[in-house]
Q: 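For reference, the structure I am asking about is given below.
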Amino acid sequence: MAQEVGQELDRSEVLQRPMPREQMKRIIYIPFDHLHRTYGALKDADPKTDLVVFVESARMTTGRNWHKERLFFLISSARHFAASLQEEGFTVEYVKAATTIDGLKTITKKHKVTEIICAEPSSFRQYEQLKDHGVSFVENDFFLTPRPLFNQWASEQKTYLMENFYRKQRTRLNILMEGKDPVGGSWNFDKDNRLPPPKKYEGPPYLEHKRDEIDAQVAKELGHTATTTWATTRKGALAQMKNFFDNHFGEFGPLEDAMTTDNWALHHSLLSPYINNNLIHPSEVIHAAMKAFHTGKVPIESAEGFIRQVIGWREYVNGMYWFLGPDYRDNNQLKATRKLLPLFSDPNATQMNCIKQTVTDINDRAWVHHIPRLMLLSNLALITGTNPQAFLDWMREVFIDASEWVMVPNVIGMGVHADGGQMMTKPYAAGGAYISRMSNYCKGCQYNPKLRTGETACPFTTLYWDFLDRHKETFAKNHRMSQQVFGLNRLSDLPELRERAQEVLKGLEKGKI
Ligand SMILES: Cc1cc2nc3c(=O)[nH]c(=O)nc-3n(C[C@H](O)[C@H](O)[C@H](O)COP(=O)(O)OP(=O)(O)OC[C@H]3O[C@@H](n4cnc5c(N)ncnc54)[C@H](O)[C@@H]3O)c2cc1C
Ligand code: SF4
């Protein structure tokens with residue numbers, strides 16, 4: 001970025017209509033993921049006395065190898081939101097600074113206002129930094145579950161099963177309930193929601209979002225050619241939500257685990273970036289989902305599947321992040337030490353069709369859905385013994401919707417089982433058969449998902465068995481894994497498999513497999 005540290009943005013569209021300074025009583029600091037007018041610290045804000053501050057910190061923009069589409073989305077959304085507050089009559093300061101604290105110091109000095117308030121931040125690090133700087137917090141109400149309520153639930157559990165939390169959420173929030181019973185007679189329709197992709201599946205087109213001057217300015221500063229995939233305004237985010245409920249909701253469930261080269265998003269909502277930066281509050285998503293369900297046109301398996309993601313998984317993951325504490329991200333219970341493989345950043349560094357396609361999709365638009373994240377990327381990191389923190393850092397950098405609170409439990413707990421089973425009772429390790437069943441990737445691949453040894457063996461299949469073999473002592477004690485571990489005994493070719501696994505791991509490191 002060309003701008004100097006501490007320098008204010010030279011953008012008249014953001015800094016119009018300043019209020020007389022003496023009227024300003026307090027600063028409301030808005031992190032880039034608190035972009036909602038009626039939640040968080042802005043809920044009770046008064047344009048006459050509140051000065052609203054945004055800080056675009058160099059740590060956030062240049063500190064790491066962030067995907068430019070991700071930076072573009074976050075920055076442009078924040079600048080649009082800042083402009084909308086100004087239109088409403090607020091005095092807004094949008095500064096660039098080395099760190100958030102430096103930016104806040106600059107503004108405090110300039111306006112001689114010392115009281116700073118903010119909604120509780122969404123990561124441990126930001127929480128501590130702001131607290132140490134004397135910022136007062138108001139409750140973070142950007143989720144459906146207050147942090148103390150989740151802590152209470154978790155501290156009463158022997159195991160932290162998401163399913164138990166989800167049922168409690170359904171009842172507490174009275175969503176898809178008939179009295180005490182779940183609508184449709186079941187809490188879960190997962191068995192209906194595992195269809196493979198239909199052949200040559202196109203589906204309705206996805207929305208494209210027009211770019212404006214603010215977008216163009218942000219893209220220019222980043223040296224980036226932005227896609228038209230992601231909205232950067234509340235209006236655009238609401239249009240995306242409407243498009244999902246009008247055109248995709250009904251099909252969401254059955255195809256939610258499928259992967260196909262014919263259609264990069266299938267019927268996923270593409271709403272996570274907006275719910276995470278709060279252009280849309282999760283309660284607005286649930287309200288729209290229930291309204292669509294009540295038309296009678298959406299089957300229960302799709303409605304329940306989607307509601308589960310939003311009121312179940314999303315809330316559970318956030319709750320677990322705060323419950324498990326700041327050290328949780330450093331877990332490495334399987335002692336995985338491999339460096340990040342080159343294929344994660346370069347799709348040409350692999351011949352594995354599924355990974356090549358997935359990494360290309362990420363490079364194109366900073367997004368793939370939950371099954372490629374879990375069953376391709378995380379699965380590969382898990383069975384190759386890749387260091388969990390190296391993989392976590394990469395995932396944080398490349399996804400449009402990545403934030404610490406959501407990536408840490410999803411990767412460390414769910415993705416690579418680095419927490420020894422605190423969150424998930426068993427690792428999501430799988431061979432090529434699963435990928436072959438749920439996608440059309442294998443048809444275009446030089447490897448064969450059915451083979452575990454030999455030059456054309458699918459690396460997933462070989463490494464799946466090798467992973468079980470390497471960790472058999474650990475997993476034999478786990479009753480949910482014992483059957484899989486027992487399967488090792490039936491392999492007559494274990495010595496060749498171990499040899500092939502070493503060849504595959506070396507080939508992956510060299511970018512040749
Ligand atoms: C290893 C791994 C890493 C992930 N990292 C992230 C991340 O950094 N940010 C993120 O928002 N989601 C993450 N997810 C969850 C999920 O993959 C994305 O939320 C989803 O792909 C976003 O696309 P969508 O909005 O079309 O989701 P949909 O499939 O349409 O689902 C609807 C909504 O449910 C929520 N949701 C579903 N699953 C989860 C989950 N496991 N955790 C949190 N929210 C969930 C999201 O808000 C999503 O928008 C991760 C999942 C895995 C397995
Ligand atoms: S054969 Fe294996 S590597 Fe190739 S696409 Fe299928 S699962 Fe991926």
Side-chain angles (χ1 to χ4, degrees), residues 33 70 143 162 206 240-241 244 248-249 252-253 255-257 259 261 265-277 280 282 285-286 289 302 305-318 320-321 343 350-358 366-382 391-392 395-416 423-424 428 430-452 456-464 504 513:
D33 57 356
R70 174 195 149 82
F143 290 83
M162 199 299 282
Y206 268 82
Q240 183 71 45
M241 182 163 86
F244 170 69
H248 295 277
F249 192 24
F252 172 85
L255 290 178
E256 86 180 286
D257 286 0
M259 300 175 279
T261 49
L266 283 161
H267 295 288
H268 288 274
S269 67
L270 303 181
L271 289 176
S272 56
Y274 318 116
I275 322 179
N276 291 359
N277 77 352
I280 307 181
V285 177
I286 293 303
S302 280
F306 183 78
I307 297 278
R308 163 185 298 265
Q309 304 300 321
V310 180
I311 72 164
W313 278 111
R314 186 171 188 276
E315 296 287 317
Y316 170 79
V317 157
N318 181 54
M320 289 302 278
Y321 173 78
L343 50 73
T350 184
Q351 308 301 317
M352 298 164 76
N353 197 34
C354 51
I355 296 290
K356 198 185 260 302
Q357 295 283 346
T358 300
W367 183 92
V368 290
H369 72 70
H370 69 133
I371 294 299
R373 294 187 205 201
L374 185 64
M375 301 310 289
L376 296 178
L377 302 168
S378 303
N379 184 16
L380 188 66
L382 171 73
F391 178 64
L392 170 66
M395 293 281 280
R396 279 280 279 116
E397 285 162 16
V398 297
F399 279 103
I400 192 94
D401 54 14
S403 303
E404 194 72 357
W405 67 265
V406 56
M407 243 340 154
V408 168
N410 270 309
V411 169
I412 299 295
M414 182 152 39
V416 296
M423 251 180 74
M424 300 292 139
Y428 280 96
Y434 173 86
I435 299 162
S436 172
R437 190 166 65 248
M438 295 309 296
S439 79
N440 67 356
Y441 291 138
C442 300
K443 290 202 177 76
C445 187
Q446 72 177 57
Y447 300 113
N448 181 342
K450 292 192 180 131
L451 299 181
R452 56 179 177 258
T456 55
C458 166
F460 271 108
T461 309
T462 309
L463 293 174
Y464 164 73
V504 170
I513 288 270

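When a ligand or atom number is given, it counts from 1 through the structure's own listing order. Only this structure's heavy atoms are used, side chains among them; waters, hydrogens and symmetry mates stay out.
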Q: Which bit of Ser272 is near ligand 1, meaning a heavy atom under 4.0 Å away: side chain, backbone, both or neither?
A: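 Both parts.
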Q: With heavy atoms under 4.0 Å as the rule, classify the contact between Val317 and ligand 1 as side chain, backbone, both or neither.
A: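 Under 4.0 Å from ligand 1, Val317 contributes side-chain atoms alone.
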Q: What's the shortest distance from atom 6 (C) of ligand 1 to any protein heavy atom, and which residue and atom give it?
A: Arg373 NH1, 3.2 Å
Q: Using 2.8 Å as the threshold, say whether any N, O or S atom from Cys442 sits that close to atom 6 (Fe) of ligand 2.
A: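 Within the cut-off used here (under 2.8 Å), Cys442 does place an N, O or S atom near atom 6 (Fe) of ligand 2.
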Q: If we only count N/O pairs under 3.5 Å, is His369 in contact with ligand 1?
A: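 N/O-N/O distance below 3.5 Å does not exist for this pair.
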Q: Could you tell me the residue and atom name of the protein heavy atom closest to atom 2 (Fe) of ligand 2, and the distance to it rounded to 0.1 Å?
A: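 Protein heavy atom at minimum distance: Cys458 SG, 2.4 Å.
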Q: Would you mind checking which non-hydrogen protein atom is closest to atom 24 (P) of ligand 1, with the distance to 0.1 Å?
A: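 Looking at atom 24 (P) of ligand 1, the protein heavy atom closest to it is Leu270 N, 3.6 Å.
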Q: May I ask you to identify, for Phe306, whether its side chain, its backbone, both or neither come under 4.0 Å of ligand 1 on a heavy-atom basis?
A: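 Under 4.0 Å from ligand 1, Phe306 contributes side-chain atoms alone.
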Q: Using a 4.0 Å heavy-atom threshold (strictly under), name the region of Arg396 that reaches ligand 1: side chain, backbone, both or neither.
A: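 Neither; nothing of Arg396 gets under 4.0 Å from ligand 1.
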Q: Nearest to atom 16 (C) of ligand 1, what protein heavy atom do you find, and at what distance?
A: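 The closest one turns out to be His370 CB, 3.8 Å.
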Q: Could you tell me whether Met395 and ligand 1 have an N or O pair separated by under 3.5 Å?
A: no
Q: Using a 4.0 Å cutoff against the non-hydrogen atoms of Ala402, which atoms of ligand 1 qualify?
A: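 Going through ligand 1 atom by atom, the ones under 4.0 Å from Ala402 are 8 (O).
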Q: Please list, in number order, the atoms of ligand 1 under 4.0 Å from a heavy atom of Phe252.
A: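 In order of numbering, the contacting atoms are 28 (P), 29 (O), 30 (O).
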Q: Could you list the atoms of ligand 2 found under 4.0 angstrom from a heavy atom of Ile435?
A: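 The list of qualifying atoms is 7 (S).
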Q: Apply side-chain contact (heavy atoms from CB on, under 4.5 Å) to residues Ile371 and Tyr434 and explain how you reach the verdict.
A: CA-CA 11 Å; Ile371 294 299; Tyr434 173 86; 3.8 Å; yes
Q: Where does the angle between the aromatic ring planes of His248 and Phe244 fall among parallel (under 30°), tilted (30 to 60°) and perpendicular (over 60°)?
A: parallel
Q: With side chains defined as the heavy atoms from C-beta onward, is the minimum distance between Gln357 and Met259 less than 4.5 Å?
A: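 No, every pair of side-chain atoms sits at 4.5 Å or beyond.
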Q: Looking at atom 33 (C) of ligand 1, what's its closest protein heavy atom, distance included?
A: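 Nearest neighbour among protein heavy atoms for atom 33 (C) of ligand 1, to 0.1 Å: Val310 CG2, 3.9 Å.
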Q: Any non-hydrogen atom of Ser436 lying under 4.0 Å from ligand 2?
A: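 Per 4.0 Å heavy-atom rule, Ser436 does not contact ligand 2.
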Q: Students should be able to answer this: which protein heavy-atom is nearest to atom 8 (Fe) of ligand 2, and at what distance?
A: Cys354 SG, 2.3 Å
Q: Where the side chain of Arg70 meets the backbone of Phe399, is there a donor-acceptor pair that is under 3.5 Å apart?
A: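 Yes, the answer is positive, given that a donor and an acceptor are paired below the 3.5 Å cut-off.
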Q: Let me confirm one number: the CE-CG distance from Met375 to Leu377, rounded to the nearest 0.5 Å.
A: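 These two atoms lie 11.5 Å from each other.
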Q: Any idea which protein heavy atom is nearest atom 3 (S) of ligand 2, and the distance to it?
A: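 So the nearest neighbour among protein heavy atoms is Met352 CB, 3.7 Å.
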Q: Could you tell me, atom by atom, which parts of ligand 2 come under 4.0 Å of a heavy atom of Pro449?
A: 1 (S)
Q: Report the part of Phe244 in contact with ligand 1, treating N, CA, C, O as backbone and CB onward as side chain, heavy atoms under 4.0 Å; options are side chain, backbone, both, neither.
A: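 Neither part.
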Q: Any non-hydrogen side-chain atom of His370 less than 4.5 Å from a side-chain atom of Leu374?
A: no
Q: Please state which protein non-hydrogen atom is closest to atom 12 (N) of ligand 1 and give its distance, to 0.1 Å?
A: Val406 CG2, 3.7 Å
Q: Return the residue, atom name and 0.1 Å-rounded distance of the protein heavy atom closest to atom 34 (O) of ligand 1.
A: Gln309 CB, 3.1 Å
Q: With heavy atoms of Trp367 as the reference, note each atom of ligand 1 found under 4.0 Å away.
A: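 Those qualifying, in numeric order: 22 (C), 23 (O), 26 (O).
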Q: Heavy atoms only, cut-off 4.0 Å: how does Ile275 contact ligand 1, side chain, backbone, both, or neither?
A: side chain
Q: Considering only non-hydrogen protein atoms, determine which one is nearest to atom 1 (S) of ligand 2 and report residue, atom name and distance to 0.1 Å.
A: Tyr447 O, 3.4 Å
Q: With heavy-atom distances below 4.5 Å as the criterion, would you say the side chains of Trp405 and Asn276 are in contact?
A: yes
Q: Backbone N or O of Asn410 within a donor-acceptor pair of the Arg373 side chain at under 3.5 Å?
A: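 It does not hold such a pair.
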Q: Using distance alone, determine whether Asn410 and ligand 1 share an N or O pair under 3.5 Å.
A: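 Looking only at distances, the answer is yes, because the N/O contact criterion of under 3.5 Å is met.
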Q: Please list, in number order, the atoms of ligand 1 under 4.0 Å from a heavy atom of Ser269.
A: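 The list of qualifying atoms is 24 (P), 25 (O), 26 (O), 27 (O), 28 (P), 30 (O), 32 (C).
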Q: To the nearest 0.5 angstrom, please state how far the CE atom of Met414 sits from the CE atom of Met423.
A: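 Result: 5.5 Å between the selected atoms.
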Q: What do we get for Cys445 next to ligand 2 when only non-hydrogen atoms under 4.0 Å count, side chain, backbone, both or neither?
A: side chain
Q: Using heavy atoms and a threshold below 4.0 Å, how should the contact between Leu377 and ligand 1 be classified: side chain, backbone, both, or neither?
A: neither
Q: Among all protein non-hydrogen atoms, which one is nearest to atom 1 (C) of ligand 1, and what is the separation to 0.1 Å?
A: Ser378 OG, 3.4 Å
Q: In the protein, what heavy atom is nearest to atom 53 (C) of ligand 1, and what distance, to one decimal place, separates them?
A: Leu374 CB, 3.6 Å
